[in-house]
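Atoms within a ligand are numbered from 1 in the order they appear, just like the ligands themselves.
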Amino acid sequence: MEQKRRVFSGIQPSGNLHLGNYLGAINNWVRMQEEYDNYFCIVDLHALTVPQEPEELSRKVREVAAVYLASGLDPERCVIFRQSRVSEHAELSWLLNCVARYGELSRMTQFKDKAQKGGAEVASAGLFDYPVLMAADILLYNAHAVPVGEDQRQHLELTRTIARRFNHDYGETFVVPEPMILTTGARVMSLDEPKEKMSKSSPRPGSYISILDEPDKVRKKIRRAKTDSGSEIIATEDKPAIANLLGVYAGMTGEKIPEVERRYEGKGYGDFKKDLGEVVAEGLAPIRERTLELLDDPAELDRLLDAGAEKAREVAHPNLLRTWERMGLG
Ligand code: ATP
Ligand code: LTN
């Protein structure tokens with residue numbers, strides 16, 4: 001039998017999982033899980049790059065695991081695990097720190113944005129190093145493809161650079177991974193500020209729809225979402241707010257944006273937002289309900305994550321040993 005290609009991806013257990021995480025990442029993982037050999041991680045070490053409340057963090061790890069399952073990831077087909085429980089991630093990260101360059105990390109826009117927000121002087125060294133740990137996550141599994149949202153493109157390009165440089169300097173070791181970034185849903189913007197991406201770390205709850213928001217809250221947030229001037233429901237550049245809402249509609253229903261535009265020809269923003277509220281509320285409701293059920297049994301979630309870590313280690317450990325050898329630590 002032909003070997004399936006491998007995918008690796010992850011989400012940080014920080015803040016509230018939102019519609020962008022769902023449409024840009026999880027929903028695509030669910031759809032393609034049959035086709036690939038899947039590794040989906042809860043990247044708790046990445047979450048530590050900005051301050052976290054310790055108790056909250058462990059609660060969030062289970063929450064992300066529950067959302068993965070509730071969204072339809074099947075633990076028979078996907079290895080679901082927690083990054084910190086496979087210590088090879090941190091170990092490979094150090095080795096790759098010695099391959100990645102300071103100049104490259106200085107050019108990462110996510111670091112620049114986040115460091116600027118909290119003050120660059122007090123940003124953690126971990127925040128600066130974040131993309132190297134991400135490269136370690138991916139290269140440790142020799143993943144062929146990495147399904148993520150558009151905001152991760154630059155990090156993936158760096159991962160590819162690190163893999164190529166390592167292979168050149170130490171001999172063929174790592175698969176150079178391909179980004180897998182779909183067009184619809186890859187960049188969901190804030191509801192109140194369509195120039196900013198919908199983000200977990202946003203202090204404004206009205207800016208995002210949490211996967212765990214109650215249906216009425218979802219409807220309300222969409223009703224209040226910013227719109228553009230004019231009245232046509234079309235995804236043009238001068239209509240960033242409506243274009244974003246159309247993208248959400250298409251992402252949730254699996255339709256193409258032009259199909260949705262056609263359906264709303266001659267209708268007003270009010271009608272469109274009302275329907276969109278229903279589509280999103282109804283789409284998320286079963287995921288929310290199932291997540292809450294799963295969270296009622298934390299021991300079962302922990303057991304699943306432990307089993308996942310064990311399976312992940314079967315791939316990660318030999319790859320780390322091989323990297324040691326290549327670098328002269330064998
Ligand atoms: P933060 O904004 O706090 O950095 P985040 O919301 O970007 O967090 P992550 O855990 O960093 O969340 O991202 C998890 C996945 O969700 C990644 O694949 C990322 O590309 C995707 N993603 C995040 N935000 C969006 C968005 N607004 N639209 C589409 N995909 C997104
Ligand atoms: N940086 C990613 C999360 C992440 C990730 C990964 C995604 C960490 N390691 C490996 C894909 C593959 C983010 O979405 N902010």
Side-chain angles (χ1 to χ4, degrees), residues 6-29 38-52 60-61 63-64 67-68 71 81-84 86 89-90 92-93 96 108-111 113-115 117-118 126-127 129-160 162-163 177-191 193-204 207-211 244 247-248 251-252 312 316:
R6 183 170 291 159
V7 301
F8 184 100
S9 199
I11 294 187
Q12 303 182 67
S14 53
N16 291 311
L17 283 180
H18 55 74
L19 199 56
N21 300 134
Y22 180 68
L23 293 177
I26 305 172
N27 190 32
N28 301 323
W29 308 350
N38 310 286
Y39 288 76
F40 296 123
C41 192
I42 299 163
V43 290
D44 50 0
L45 297 176
H46 275 108
L48 292 177
T49 57
V50 294
Q52 302 290 341
K60 285 284 170 191
V61 168
E63 192 176 289
V64 177
V67 169
Y68 281 3
S71 303
F81 67 106
R82 202 176 161 167
Q83 185 186 34
S84 62
V86 181
H89 289 244
L92 181 62
S93 175
L96 299 183
M108 294 292 115
T109 55
Q110 180 178 299
F111 172 74
D113 291 351
K114 288 198 176 181
K117 273 187 197 151
L127 189 64
D129 201 34
Y130 179 115
V132 179
L133 178 59
M134 177 163 164
D137 295 340
I138 298 164
L139 301 183
L140 198 49
Y141 296 86
N142 278 317
H144 300 97
V146 184
V148 283
E150 181 63 44
D151 60 314
Q152 295 303 309
R153 193 182 285 282
Q154 194 188 28
H155 288 161
L156 285 181
E157 205 40 64
L158 179 67
T159 300
R160 288 165 57 81
I162 293 174
E178 298 287 338
M180 193 186 259
I181 300 170
L182 305 183
T183 42
T184 311
R187 192 164 171 77
V188 178
M189 308 310 279
S190 291
L191 296 179
E193 186 36 86
K195 291 198 180 78
E196 279 176 21
K197 76 157 190 152
M198 191 177 279
S199 163
K200 277 207 233 107
S201 39
S202 170
R204 308 183 312 272
S207 74
Y208 61 84
I209 288 176
S210 161
I211 298 181
N244 184 41
V248 168
M252 290 303 292

*Any donor-acceptor pair under 3.5 Å from Asn244 side chain to Met189 backbone*: yes
*Check ligand 1 against Gln152 and write out every atom of the ligand that is under 4.0 Å from a heavy-atom position of the residue.*
20 (O)
*Give the intermediate values and the outcome of side-chain contact (heavy atoms from CB on, under 4.5 Å) for residues Glu157 and Arg160.*
CA-CA 5 Å; Glu157 205 40 64; Arg160 288 165 57 81; 3.8 Å; yes
*asked:* If you take the nearest heavy atom of each of Gln12, Lys114, Lys200, which one is closest to atom 4 (O) of ligand 1?
replied: Lys114
*Once you round to the nearest 0.5 Å, how far does CD of Gln110 lie from CE of Met134?*
8.5 Å
_Can you report which non-hydrogen protein atom sits closest to atom 7 (O) of ligand 1, along with the distance?_
Lys197 NZ, 2.4 Å
*Among all protein non-hydrogen atoms, which one is nearest to atom 2 (O) of ligand 1, and what is the separation to 0.1 Å?*
Ser199 OG, 2.5 Å
*Closest approach of any protein heavy atom to atom 3 (O) of ligand 1, naming residue and atom*: Ser201 OG, 2.8 Å
*Numbered atoms of ligand 1 (with element) below 4.0 Å of Gly24, judged on heavy atoms*: 29 (C), 30 (N)
*N/O of Gln110 under 3.5 Å from N/O of ligand 1, yes or no?*
no
*Is the backbone N or O of Pro147 less than 3.5 Å from a side-chain atom of Ser9, with the two atoms forming a donor-acceptor pair by type?*
yes
*Write down, by chain and number, every protein residue that brings a non-hydrogen atom to less than 4.0 Å from an atom of ligand 2.*
Phe8, Ser9, Gly10, Gln12, Val43, His46, Tyr130, Met134, Asp137, Ile138, Val146, Val148, Gln152
_Using a 3.5 Å distance criterion without hydrogens, assess whether the side chain of His89 forms a donor-acceptor pair with backbone atoms of Ala136._
no
*Counting distance only, does the side-chain N/O of Asn28 pair as donor-acceptor with the main-chain N or O of Leu23 below 3.5 Å?*
yes
*Can you tell me which residue and heavy atom of the protein come closest to atom 27 (N) of ligand 1, and the distance to 0.1 Å?*
Val188 O, 2.7 Å
*Show the numbers, then the answer: is there a side-chain contact (heavy atoms from CB on, under 4.5 Å) between Gln52 and Gln12?*
CA-CA 11 Å; Gln52 302 290 341; Gln12 303 182 67; 5.8 Å; no
*Backbone or side-chain N or O of Gly20 under 3.5 Å from ligand 1 N or O*: yes
*What is the distance from atom CD1 of Ile26 to atom CZ of Phe40, rounded to the nearest 0.5 Å?*
10.0 Å
*Measuring from the heavy atoms of His18, does anything fall under 4.0 Å of ligand 1?*
yes
*Would Phe111 and His155 count as a close aromatic pair, with their ring centres under 6.0 Å?*
no
*asked:* Show the atoms of ligand 1 that are less than 4.0 angstrom away from any heavy atom in Gly185.
replied: 29 (C)
_Contact list for residues 140-152, test salt bridge (charged side-chain N to carboxylate O under 4.0 Å, His left out), sequence neighbours left out_ = Glu150-Arg153, Asp151-Lys197
*Would one find an N or O of Asn21, backbone or side chain, under 3.5 Å from an N or O of ligand 1?*
yes
*Nearest-0.5 Å distance that lies between atom NE2 in His18 and atom OG in Ser190*: 8.5 Å
_Those atoms of ligand 1 less than 4.0 Å from some heavy atom in Gly149_ = 18 (O), 19 (C), 20 (O), 30 (N)
*Which is closest to atom 20 (O) of ligand 1 in terms of heavy atoms, Asp151, Leu156, Val148?*
Asp151
_Under a 3.5 Å distance rule, please check whether Lys60 uses its side chain to pair with a backbone N or O of Gly15 as donor and acceptor._
yes
*Does Arg6 reach the main-chain N or O of Tyr141 with its side chain, forming a donor-acceptor pair under 3.5 Å?*
yes
*Have a look at Ala47, Ala25, Ala186 and point out the one with the heavy atom closest to atom 29 (C) of ligand 1.*
Ala186
